[in-house]
2 protein chains.
Amino acid sequence: GGVIRLSPPEILLLGFALLCAAGALLLWLPGSATRPLAWHEALFTATSAVTVTGLSVIDVGKDLTFIGQLVVLVLIQVGGLGFMTFAALTVLLLGTRLPLSQQNLVREALGEIAFSDIRDLVKLVIAFAFITEAIGTLLLACHWVPEQGLAMGLWHSLFHAVSAFNNAGFSTFSDSLIQEVGNPLVNATVTLMFIVGGLGFVVVSDLYRHRRWSRLAMQTKVVLLATFWLNVIATAILLGLEWSNPGTLGGLEDGFAKLQAAWFQAVTPRTAGFNTLEIGALTDASTLLVMVLMFIGAGSSSTASGIKITTFVVLLLTARAFYRNTEHPTAFGRSIPQETVIKAITVALAGVLLVVLTLFGLTITDGEQSFLDLAFETVSAFGTVGLSRGITSDLSLPGQFLLGLTMLLGRVGPLSVGYFLATRQARGVRYARGEIQIG
Amino acid sequence: GGVIRLSPPEILLLGFALLCAAGALLLWLPGSATRPLAWHEALFTATSAVTVTGLSVIDVGKDLTFIGQLVVLVLIQVGGLGFMTFAALTVLLLGTRLPLSQQNLVREALGEIAFSDIRDLVKLVIAFAFITEAIGTLLLACHWVPEQGLAMGLWHSLFHAVSAFNNAGFSTFSDSLIQEVGNPLVNATVTLMFIVGGLGFVVVSDLYRHRRWSRLAMQTKVVLLATFWLNVIATAILLGLEWSNPGTLGGLEDGFAKLQAAWFQAVTPRTAGFNTLEIGALTDASTLLVMVLMFIGAGSSSTASGIKITTFVVLLLTARAFYRNTEHPTAFGRSIPQETVIKAITVALAGVLLVVLTLFGLTITDGEQSFLDLAFETVSAFGTVGLSRGITSDLSLPGQFLLGLTMLLGRVGPLSVGYFLATRQARGVRYARGEIQIG
Ligand SMILES: [K+]
Ligand SMILES: [K+]
């Protein structure tokens, strides 16, 4: 008695909150910043780093010292990896405590991972992250070391590699990667890093173990195909919408540069958050598309957030099943069970609710900002994307607090919804059915 | 063979489309308008009337002759009553064709109505509508006959009574009911009319037959309580947000006038569409609240649209069940079955999708309009509300066509989703379960 029992998602939320507080304290110390930071600036930056969002009220490149930037980097790494391992760890943690029927439910919900113990799993996740980040650092160094010298070049490369793999979107440059808009090496490396980071550990380990398409799990196929098509379609639409917009693609000299910029802008919303174009200069149509992509996000148990790409695909498949009048949605010759469909629509709808409530709050605390700007920053915070139309640092304190809270909930929320639905227990009390008209 | 078989929702959609075309033709005739209407103006007006939306690209009070206004009134009446009876008729139509198991499903889905034959039901619906409209006309005439003379006063009263009961929102005055912002009789009569029209025939007939709270169906209790609380809460929030806004409540002299205006503005979005305040002058926070209310709408099988208030309540109850970790949401000691929950989230999500797609289309066709204006008109069209920030007549032709289509789908869509889900048949083919991570 007397012991508070927390569910895994509650532990995660509490852990993230504590990490934010500790990070804020470190950033607030005099050695971390080139100018005295206000406590709320330190807290917002730490929260943004731990939740790998990248929205910022300070200029990470100018306002932070090397030590301050290192703190941000460590917070990103711990936040990103912590979340990634957590989803997988939950399986093992639950496996020892729950009755067998529910073990299977949770195991299925979080992917069929069978590792002998916790340490194995954590080691694998860390190895995956560090190896990818090392490769990324080396590739980026080929560009930045010649440009900035060995020490600074390596630092910029390491920072961007870690920030990209963890889908954090923080940059040591004040204008993110706008200077590199036409650089094929930086474009390719950074986008590949955050796409790989966004696939999710379950998908990557399945790919690593099976390699042949026919042997891959349905989840892996769905995530790979959906990632491919979403990126291709979004690139094509953005090329069309922005081709002659002087503020974005229209300002670039040749077709290859436009293609690179459109590709980068198409893949960064789910949920990397770097930008090579001025976000505020996009047309309203592109802005709405980016908001939808930010809401979707990338893979489960990855460094990315949003409602997750699997959730989005299950919604699409459910809609298809609906119009074909079949009972269950199917993919690759397998039917998607009803509880998965329910999970998906619950996660999506909870996301919509969180976004609408946050936006309502912001229209009250910061009513003088434009509605589109507020809506954009809200979705960016929910998807922990970090793309910004430039108003985050102008927001009132309550507004910034609201955005910070949305980052935390956006990061932990979708996993929690899935977890709670998976472990839901039937209660003893039974009620008669009550009929009600819908629609 | 050779006969095209349509499902009831397809019949409804086709019938509405034909009615729009016929109405457009009538409005386009010289006798209907005081100036030559373009074909697209006539079509938009007819579509807006048939779907009881009220968005307008013309000034119904000035651009239409008495005959033209009469055409609009008939279109409203046929569109409103047609939809209202349709939901109930479906039960009877299906009852004779489907196997017993599915009869029950549909019967439950559309409310436990047991009428001996179709004519009885239609008669009852028409009697309910005409009696309510007659009472409304008489009450309104007490104000408008002294002001405008017998003929014009009666006409204005009849038009507003029919328009209010059918939640159409069309007015013979260019500025809707802004002149009557402080008139208790008009405020009370009009809001009461559209609230009663928005309860739905199933609720009204249950109220008429049972009268005592304890004997009412769960559906009736839910609709009544939710209508009451939504109206009270929205009024309170709008009072708070607009109290000192000089463009709206701040411009009114006394507290009673402010209370009336806040009440009217709180109840009109679900989905009446009259206004006594300048919609464009509301704060962004109020505008977002109004958009949420427009999305929700009122009762099933009523003259109102939106995702419906029952859908909204089921979503709330599901969220509550989720946080309490119980298997089924419950209300009034009854559990809401899983298929109802699925219907509710499907309807809500389909609504979100339709709104986002329409808005994306409008940002392309009418990118020069403000994002909030476009978003507002989109939700207003989806919920067939008719409140406007004043840009509908400035939209491009493709933009107007898109809004018209959204009105039609917004009117027929939610019912169709419910219908298709209720009559869904299990197919012979069986697939293995495919597991996928969500969130
Ligand atoms: K990010
Ligand atoms: K209306």
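Chain identifiers are assigned alphabetically (A, B, ...) following the order of the sequence lines, protein sequences preceding nucleic acid strands; residue numbering begins at 1 within each chain. Side-chain atoms are counted along with the backbone in the values below, which use heavy atoms only and exclude waters and symmetry mates.
By the 4.5 Å heavy-atom criterion applied to side chains, Ile364(B) and Leu241(A) are counted as neighbours. The side-chain heavy atoms of Ile237(A) and Phe360(B), taken from C-beta on, include a pair separated by under 4.5 Å. Between Leu349(A) and Leu349(B), the closest side-chain pair of non-hydrogen atoms falls below 4.5 Å.
From Asp366(A), atom CG reaches atom CG of Asp284(B) across 11.5 Å, with rounding to the nearest 0.5 Å. Interatomic distance, OG1 of Thr283(B) versus CD of Glu368(A), reported as 12.5 Å (0.5 Å rounding).
Only the side chain of Val292(B) comes within contact range of chain A, with heavy atoms under 4.5 Å apart. Contact of Leu362(A) with chain B is not made at all, since no heavy-atom distance falls under 4.5 Å. The contact between Leu315(A) and chain B is made entirely by side chain atoms (from C-beta outward), counting heavy-atom distances below 4.5 Å.
In terms of non-hydrogen atom pairs under 4.5 Å with chain A, the most contact-rich of Leu359(B), Val356(B), Val352(B) is Leu359(B).
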